[in-house]
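See below for the structure under consideration.
Every chain is numbered from 1, with letters handed out A, B, ... down the list of sequences.
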Protein chains: 2
Amino acid sequence: MPLLTQLQTAGLRATPKRIAIGGLLFDGVDRHVTADDVADMARKAGIKVSLATVYNTLNQFVAAGILKRIILDTDRTYFDTNVSDHHHLFYETSGDLLDVPGDSLRIEGLPAAPEGARVRAVEVVIRMSGTPVSIGSTAG
Amino acid sequence: MPLLTQLQTAGLRATPKRIAIGGLLFDGVDRHVTADDVADMARKAGIKVSLATVYNTLNQFVAAGILKRIILDTDRTYFDTNVSDHHHLFYETSGDLLDVPGDSLRIEGLPAAPEGARVRAVEVVIRMSGTPVSIGSTAG
DNA sequence: AATTATTTTAGAACAATTCTACACTGGGCT
DNA sequence: AGCCCAGTGTAGAATTGTTCTAAAATAATT
């Protein structure tokens with residue numbers, strides 16, 4: 001699903017800034033970025049974009065469902081280009097963040113949603129100390 | 001384990017402010033509070049304490065292991081008087097937060113910690129939309 | 001081209017938290 | 001008792017990530 005289609009589906013015009021920022025983020029690699037990271041990436045790529053636009057764009061991408069907001073830290077907001085259901089391994093000392101595929105964890109005993117409520121997401125954060133190692137295949 | 005003992009064990013003097021704030025928090029009920037909540041509780045209880053002291057004290061309590069910081073939201077930090085391993089049911093619309101006992105969920109498939117790293121915590125947040133079931137409706 | 005809606009922007013505003021730098025306390029000492 | 005002085009408490013300033021504002025730029029529509 002190309003970016004242009006995603007934007008249109010979400011009712012967002014395919015503007016140069018959105019295409020540029022989208023191009024930085026959606027290149028097939030799963031990324032975890034902050035707004036500042038994106039501003040830096042843009043600057044290095046020679047894309048002139050204000051920080052306000054970076055925030056606007058990231059928020060629009062989240063609303064459009066092509067980017068996911070992850071909350072790990074009160075200091076900064078991370079955005080994840082992997083929008084599938086999955087979990088995170090967070091190295092608190094280094095700040096490194098690794099995806100854990102959603103189907104690699106099974107969670108048993110989840111309470112049933114009461115009437116009038118709905119489970120929007122079940123998010124698991126595995127908080128680690130020490131240094132990350134490149135993990136091999138997790139979910140076989 | 002009385003508060004006074006906890007404080008001493010942590011190398012914190014049992015000062016009036018700490019005893020007062022601790023008294024508000026540790027009354028046998030599990031509480032989820034923000035720094036602002038604590039400041040309000042103190043004001044209502046006639047305890048004169050600055051917001052800076054509230055923050056200092058909460059952070060000291062966390063360092064002492066008698067309070068737990070929970071991250072659910074980038075806007076505010078919640079503190080949990082339940083320091084045992086457990087999880088959370090978070091109603092995003094209302095902000096209501098319920099504890100889910102640690103032993104009520106079983107999580108299978110957790111990756112093994114690589115050498116040099118250690119799992120510090122596994123935190124599950126069940127994000128809900130809609131309204132929470134009135135468990136012990138705390139209207140008031 | 002004129003008109004209108006949307007997007008982009010710089011900088012101000014905001015809110016939660018931390019920092020700073022000084023005032024205060026209270027327990028240990030003589 | 002009174003004097004220390006490290007630890008504590010405080011007001012207000014500073015910091016920081018994010019959002020808001022209001023105006024300029026751009027794109028779509030007529």
Send over the distance from A/Phe61 CZ to C/dT7 C1', rounded to a whole Å.
13 Å

From NZ of B/Lys48 over to C1' of C/dA23, roughly how many Å is that when rounded to an integer?
12 Å

Find the distance B/Ile19:CD1 to D/dG9:C1' and express it as a whole number of Å.
15 Å

Please state how far atom CG in A/Leu7 lies from atom C1' in C/dT6, giving the value in whole angstrom units.
14 Å

Is there a side-chain contact between B/Asn59 and B/Phe79 (heavy atoms, below 4.5 Å)?
yes

Heavy atoms, side chains only, cut-off 4.5 Å: are A/Arg69 and B/Thr74 in contact?
no

Need one value for A/Thr15: base, sugar-phosphate or nothing, where a base atom within 4.0 Å counts as base even if backbone is also close, heavy atoms only.
sugar-phosphate

Please figure out whether B/Ser50 or A/Arg13 has its closest DNA chain D nucleotide nearer the 5' end.
B/Ser50

B/Lys17 side chain N/O closer than 4.0 Å to the phosphate oxygens (OP1, OP2) of D/dT10?
yes

Nearest-Å distance for atom pair CG/P, residues B/Leu12 and D/dG7
11 Å

For B/Asp99 and B/His32, test the side chains for any donor-to-acceptor distance below 3.5 angstrom and give the result as yes or no.
yes

Please say yes or no: joined through hydrophobic side-chain contacts below 4.5 Å, possibly via intermediate residues, are A/Val33 and A/Leu89 part of one cluster?
no

Let me know the distance between CD1 of B/Ile47 and C1' of D/dT10, rounded to the nearest Å.
16 Å

Output the rounded distance in Å from CD1 (B/Ile21) to P (D/dT8).
13 Å

Say whether A/Thr53 and A/Asn56, considering side chains only, have a donor N or O and an acceptor N or O under 3.5 Å apart.
no

Which atoms of nucleotides 17-22 of chain C (N or O only) lie under 3.5 Å from a protein N or O atom, and what are those distances?
unit_1	atom_1	unit_2	atom_2	d
C/dT17	OP1	B/Thr77	N	2.8
C/dT17	OP1	B/Thr77	OG1	2.7
C/dT17	OP2	B/Tyr55	OH	2.4
C/dT17	O5'	B/Tyr55	OH	3.2
C/dT18	OP2	B/Asn59	ND2	3.2

Which label fits B/Tyr78 and B/Phe90: parallel for a plane angle under 30°, tilted from 30 to 60°, or perpendicular past 60°?
perpendicular

